[in-house]
Number of protein chains: 2
Amino acid sequence: MTKILQRNLYREVADRIGDLIEHGELLPGERISEKQLCDRFGVSRTPLREALKVLATEGLIELLPNRGARVVRLTLKNVKDTYDLMAALEGLSGELACQYISDAEIAAIRQLHDTMLEHYRNRDLMPYFQVNRQIHESILAASNNDVLQEMYSNLSQRIKRVRYSKKMTERYWSQAVKDHENMMAALEKRDSQLLGQILRDHLCNKIEVATLAGVIDTEDDKSAANS
Amino acid sequence: MTKILQRNLYREVADRIGDLIEHGELLPGERISEKQLCDRFGVSRTPLREALKVLATEGLIELLPNRGARVVRLTLKNVKDTYDLMAALEGLSGELACQYISDAEIAAIRQLHDTMLEHYRNRDLMPYFQVNRQIHESILAASNNDVLQEMYSNLSQRIKRVRYSKKMTERYWSQAVKDHENMMAALEKRDSQLLGQILRDHLCNKIEVATLAGVIDTEDDKSAANS
DNA sequence: AAAAGTAATTATGAATTCAATATTCCTTTG
DNA sequence: CAAAGGAATATTGAATTCATAATTACTTTT
């Protein structure tokens with residue numbers, strides 16, 4: 001069943017602006033000029049403004065009445081809140097996955113898991129992260145809960161721009177791998193409660209937040225961000 | 001019906017359309033006529049179409065390219081998925097609340113709790129539900145996590161139109177009250193793990209889903225819904 | 001020179017207009 | 001009479017235009 005992907009102009013524009021934010025071409029707190037983006041994308045203001053409203057709903061930008069739009073300025077608390085939420089969603093995905101996942105899907109995740117261990121042994125950080133991500137996505141997909149997946153995806157979008165390849169300390173890395181060993185065991189036993197618990201406690205996200213402390217604003221103030 | 005002549009027109013219109021959906025004036029699967037709503041609200045198509053796009057992002061309606069918008073048709077699975085998610089979010093709210101809640105806030109919730117028990121003893125269903133809701137909202141507010149609250153609010157919006165005063169069986173009702181006794185105890189001990197667990201397992205939502213089975217479509221098909 | 005007030009400019013909010021796609025209704029044909 | 005085809009109509013998608021609020025630049029005053 002291939003999903004119908006609707007390609008409206010406004011959705012296209014919204015995605016493009018999302019990319020600009022993710023890649024840092026539009027900076028946090030930066031005022032977004034409608035005219036400038038219209039020229040850049042070659043569209044009129046109508047679909048562009050629709051895109052801005054959608055992006056505001058998705059939490060990537062904020063609209064100030066009569067004063068335009070600006071990229072949301074992520075605070076440390078904001079990112080921490082988001083990660084707490086994502087951890088809870090991952091926990092739920094684990095619980096549900098245990099109920100619905102097929103033997104074949106478990107086998108596929110076991111494959112990924114073993115591959116990840118190989119990358120860990122070789123200390124190949126990037127491939128490790130990539131496979132790690134695939135594992136979590138596979139569990140999420142197996143949860144059989146569309147609403148959950150939609151919400152997780154939205155949260156993921158919001159913080160994409162501050163996710164980066166952090167330098168794992170050996171200690172945290174080995175702990176993360178141990179977590180994954182336990183996850184794999186719980187999944188193969190289909191122990192939903194246990195898998196849920198492990199995923200909620202999985203410290204991967206917590207490390208990221210700690211590392212981010214140096215990267216983004218620590219203040220929570222909403223005061224004007226001048227361009 | 002008062003016409004709209006206000007600021008943030010698109011947001012106002014979106015809320016009004018949300019109300020129409022909630023109160024059943026716009027039915028699931030029903031085609032939404034732009035012109036009709038424009039006349040009704042006394043606005044042009046521009047803010048109305050912006051509102052439609054926002055509502056689609058919020059999951060209340062769906063847009064079919066070149067074929068207009070329609071109210072999302074909630075399936076039993078869809079509602080169940082949403083409730084599963086909300087239960088997980090409530091669990092997280094409980095965990096976090098234990099960390100951040102003040103003694104005064106706990107006392108206030110204790111007050112609500114006792115009031116609720118009184119309503120239970122008198123079998124006053126409506127007041128019981130109302131106070132029950134306040135308790136859950138208070139815990140959510142105490143979680144100190146804005147992203148969580150925003151997301152919970154969105155999910156709540158989506159299923160508002162199928163929430164109704166269901167007839168509780170005595171058995172389920174007494175169990176729900178017992179759950180609340182345990183919640184209150186866990187909160188007063190600030191036992192975050194326990195409170196989280198109780199809230200996740202709290203069967204209030206599960207009853208609702210069971211009851212809803214007779215009200216909404218059981219089929220999951222996406223086939224055309226004619227007006 | 002600094003501050004305040006005001007005109008000029010620019011940007012945003014919303015309505016209207018133009019273009020493309022879908023739907024309806026009527027005619028035609030087997 | 002049913003089905004197919006096509007013109008007429010209605011609806012949606014997007015650009016443009018008009019109105020209003022905000023910003024800037026400039027003048028005036030102290």
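Chain A is the first sequence line, chain B the second, and so forth, proteins listed ahead of strands; every chain is numbered from 1.
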Just how far, in rounded Å, is [atom2] of [N] from [atom1] of [X]?
{"X": "L52(A)", "N": "dA14(C)", "atom1": "CG", "atom2": "P", "result": "14 Å"}
{"X": "L64(A)", "N": "dT12(C)", "atom1": "CG", "atom2": "P", "result": "11 Å"}
{"X": "L37(A)", "N": "dT12(C)", "atom1": "CG", "atom2": "C1'", "result": "14 Å"}
{"X": "R49(B)", "N": "dA14(D)", "atom1": "CZ", "atom2": "C1'", "result": "8 Å"}
{"X": "D39(B)", "N": "dT11(D)", "atom1": "CG", "atom2": "C1'", "result": "13 Å"}
{"X": "E50(B)", "N": "dT12(C)", "atom1": "CD", "atom2": "P", "result": "13 Å"}
{"X": "Y10(B)", "N": "dT12(C)", "atom1": "OH", "atom2": "P", "result": "14 Å"}
{"X": "Q36(A)", "N": "dA11(C)", "atom1": "CD", "atom2": "P", "result": "9 Å"}

Detail all sub-3.5 Å separations between protein N/O atoms and N/O atoms belonging to nucleotides 22-25 of chain C.
from, atom 1, to, atom 2, distance (Å)
dT23(C), OP1, R67(B), NE, 3.0

E12(A) with R16(A): basic N within carboxylate O range, under 4.0 Å: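 No, this pair does not count.
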If we count only N and O atoms by modelled type, under 3.5 Å, do the side chains of E90(A) and Y152(A) hold a donor and an acceptor together?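 Short answer, yes.
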Establish, from distance only, whether the side-chain atoms of E105(A) and S102(A) form a donor-acceptor pair under 3.5 Å.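 Their side chains do contain a donor-acceptor pair, which is all the 3.5 Å distance test asks for.
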Closest approach of G94(A) and L199(A), non-hydrogen atoms and distance?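 Closest heavy-atom pair between G94(A) and L199(A): CA-CD1, 3.6 Å.
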Nearest heavy-atom pair of P28(A) and R161(A): which atoms, and what distance?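 It is CG-NH1, 3.5 Å.
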Just call it for I32(A): base, sugar-phosphate, or nothing, with non-hydrogen atoms closer than 4.0 Å on any strand.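 Sugar-phosphate contact only - I32(A) comes under 4.0 Å of backbone atoms but never of a base.
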Contacts of N144(B) that satisfy side chain to side chain donor-acceptor pair (under 3.5 Å) - sequence neighbours left out: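 Not a single residue meets the side chain to side chain donor-acceptor pair (under 3.5 Å) criterion with N144(B).
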Angle, rounded to 10°, between the helical axes spanning five pairs at each terminus of the helix from dA1(C)-dT30(D) to dG30(C)-dC1(D)?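 The two end axes of the helix from dA1(C)-dT30(D) to dG30(C)-dC1(D) meet at 0°.
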Produce a footprint string for nucleotides 15-20 of chain C: one letter per nucleotide, 5' end first; B if the base is under 4.0 Å from any protein heavy atom, S if only the sugar-phosphate is, - if neither. BBB---
When you compare the side chain of [Y] with that of [X], does any pair of heavy atoms fall below 4.5 Å?
{"X": "R158(B)", "Y": "V79(B)", "answer": "no"}
{"X": "N132(A)", "Y": "H136(A)", "answer": "yes"}
{"X": "S138(A)", "Y": "L112(A)", "answer": "yes"}

Could you list the residues that satisfy side-chain contact (heavy atoms from CB on, under 4.5 Å) with E22(A), not counting sequence neighbours?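 Residues passing side-chain contact (heavy atoms from CB on, under 4.5 Å) with E22(A): D19(A), K160(A).
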Please table the atom pairs, donor to acceptor, closer than 3.5 Å between any side-chain atom in residues 49-60 of chain A and protein atoms at least two apart or in another chain.
from, atom 1, to, atom 2, distance (Å)
R49(A), NH1, E34(A), OE2, 2.7
T57(A), OG1, K53(A), O, 2.9
E58(A), OE2, R11(A), NH1, 3.1

